Participant: 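Pasting a structure below so you can have a look.
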Amino acid sequence: QVQLVESGGGLVQAGGSLKLSCVTSGRNLSMYAIGWFRQAPGEEREFVAVISWSGGRTYDADSVKGRFSISRDNAKNTVYLQKTSLEPEDTALYYCGGSRVYLEPLRANYWGQGTQVTVSS
């Protein structure tokens with residue numbers, strides 16, 4: 001089982017940047033792919049990006065391709081989501097999720113509590 005804790009959310013102006021962090025803990029962390037998801041008010045949770053444990057494989061949703069970048073530092077057990085050129089439509093609660101199976105998009109079995117990102121116009 002893996003535990004996930006997100007941080008780094010906040011209020012940012014349109015066109016700005018933000019970097020989210022997801023700290024993982026638990027046993028057998030090398031078995032888990034980690035992904036980022038988001039849920040806007042009144043919307044379904046949607047997939048954003050996924051990265052394999054080694055970091056050798058990544059996949060981004062079309063809606064964020066070229067603007068968001070997922071990476072990981074295994075020495076720190078942390079996965080990052082670097083967000084640039086933010087738009088008001090990116091306002092959402094951002095979650096990280098984990099799964100033992102790498103899929104594009106990821107189907108997570110474990111979830112963090114989320115971190116709020118608000119983009120003002």
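No experiment lies behind these values; they were computed from the predicted model shown.
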Participant: Could you check whether any side-chain heavy atom of Ser25 comes within less than 4.5 Å of a side-chain heavy atom of Gln1, counting everything from C-beta outward?
Facilitator: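 The answer is no, as the side chains (C-beta and beyond) never meet within the 4.5 Å cut-off.
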Participant: With rounding to the nearest 0.5 Å, note down the distance linking CH2 in Trp111 to CZ in Arg45.
Facilitator: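 Answer for the CH2-CZ pair, Trp111 versus Arg45, is 4.0 Å.
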Participant: How close do Asn109 and Ser99 get, heavy atom to heavy atom, and via which atoms?
Facilitator: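 The pair with the smallest heavy-atom distance is OD1-OG, 3.3 Å.
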Participant: Hey, could you give me the OG/NZ distance between Ser17 and Lys83, rounded to the nearest 0.5 Å?
Facilitator: 10.0 Å
Participant: Drop me the distance from Gln3's CD to Gln113's CD, to the nearest 0.5 angstrom.
Facilitator: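 So the gap between those two atoms works out to 11.5 Å.
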Participant: Does the Glu104 side chain pair with the main chain of Tyr59, one donor and one acceptor, at a distance under 3.5 Å?
Facilitator: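 No, the answer is negative, given that no donor and acceptor are paired below the 3.5 Å cut-off.
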Participant: Verify whether the ring centers belonging to Trp53 and Tyr102 lie closer than 6.0 Å.
Facilitator: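 Aromatic pair excluded; centres sit 6.0 Å or further apart.
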Participant: Is a side-chain N or O of Thr115 found less than 3.5 angstrom from the main chain of Gly9, in a donor-acceptor match?
Facilitator: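 Yes: the side chain of Thr115 pairs with the backbone of Gly9.
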Participant: Would you check if the distance from the ring center of Tyr95 to the ring center of Phe37 is below 6.0 Å?
Facilitator: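 Centroid distance Tyr95-Phe37: not below 6.0 Å, so no.
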Participant: What pair of heavy atoms forms the shortest contact from Arg107 to Leu103, and how long is it?
Facilitator: CD-CD1, 4.0 Å
Participant: For a 4.5 angstrom cut-off between non-hydrogen side-chain atoms, does Ile34 reach Leu4?
Facilitator: yes
Participant: Starting from Tyr32, can I reach Val101 by hopping between I/L/V/M/F/W/Y residues whose side chains sit under 4.5 Å apart?
Facilitator: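 No, Val101 does not connect to Tyr32 through the hydrophobic network.
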Participant: I need the minimum non-hydrogen distance between Leu93 and Gln116, along with the two atoms involved.
Facilitator: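 Looking at all heavy atoms of both residues, the shortest contact is CD1-N, 3.6 Å.
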Participant: Can you check whether Thr24 reaches Thr78 side chain to side chain, under 4.5 Å on heavy atoms?
Facilitator: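 The answer is no; the side chains never approach within 4.5 Å.
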Participant: Mind checking whether Val79 and Ile70 have side chains closer than 4.5 Å, heavy atoms only?
Facilitator: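 Side chain of Val79 against side chain of Ile70, heavy atoms only: contact under 4.5 Å found.
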Participant: Less than 4.0 angstrom from a charged side-chain N to a carboxylate O is my criterion; do Arg67 and Asp60 meet it?
Facilitator: no
Participant: Quick one: does Thr58's side chain have a donor or acceptor within less than 3.5 Å of a partner on Val50's backbone?
Facilitator: no
Participant: Find out whether Trp36 and Val64 are in side-chain contact, i.e. whether some heavy atom of one side chain is under 4.5 Å from a heavy atom of the other.
Facilitator: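 With C-beta onward as the side chain, the pair stays apart.
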Participant: Consider only side-chain heavy atoms of I, L, V, M, F, W and Y, link residues closer than 4.5 Å, and tell whether Leu81 and Leu86 are in one cluster.
Facilitator: yes
Participant: Just by distance, do the side chain of Ser52 and the backbone of Arg57 share a donor-acceptor pair under 3.5 Å?
Facilitator: yes
Participant: Grab the two heavy atoms, one from Ala14 and one from Ser121, that are nearest each other, plus how far apart they are.
Facilitator: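 Answer, listing the atom of Ala14 first, then Ser121: CB-CA, 4.3 Å.
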Participant: Restricting to non-hydrogen atoms, name the atom on Glu6 and the atom on Gly114 that form the minimum distance, rounded to 0.1 Å.
Facilitator: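 Glu6 and Gly114 have their closest heavy atoms at OE1-N, 2.9 Å.
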Participant: Would you kindly confirm whether Tyr94 and Val119 end up in one hydrophobic cluster when ILVMFWY residues are joined by side chain heavy atoms under 4.5 Å apart?
Facilitator: yes
Participant: Verify the distance criterion only: is there a donor paired with an acceptor across the side chains of Arg72 and Tyr80 at less than 3.5 Å?
Facilitator: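 No, no side-chain donor-acceptor contact under 3.5 Å.
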Participant: Out of curiosity, does Ile51 fall in the hydrophobic cluster containing Tyr110 (side-chain heavy atoms, cut-off under 4.5 Å, transitive links)?
Facilitator: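 Yes, it is one cluster - the side chains of Tyr110 and Ile51 are joined through contacts under 4.5 Å.
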Participant: Working to the nearest 0.5 angstrom, can you tell me the gap between Arg100 CZ and Met31 CE?
Facilitator: 4.0 Å
Participant: Quick check on Lys76: does its NZ atom have over 12 non-hydrogen neighbours (other residues, nucleotides or ligands) under 6.0 Å away?
Facilitator: no
Participant: So if you build clusters from Ile, Leu, Val, Met, Phe, Trp, Tyr with side-chain heavy-atom gaps below 4.5 Å, do Val2 and Leu106 land together?
Facilitator: no
Participant: Would a 4.5 Å heavy-atom cut-off, applied to side chains only, mark Leu18 and Val117 as touching?
Facilitator: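 Yes; the side chains approach each other to less than 4.5 Å.
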Participant: What distance separates Cys96 SG from Arg38 CZ, expressed to the nearest 0.5 Å?
Facilitator: 15.5 Å
Participant: Distance from Leu29 atom CG to Arg27 atom CZ, nearest 0.5 Å?
Facilitator: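 Reported value, rounded in 0.5 Å steps: 11.0 Å.
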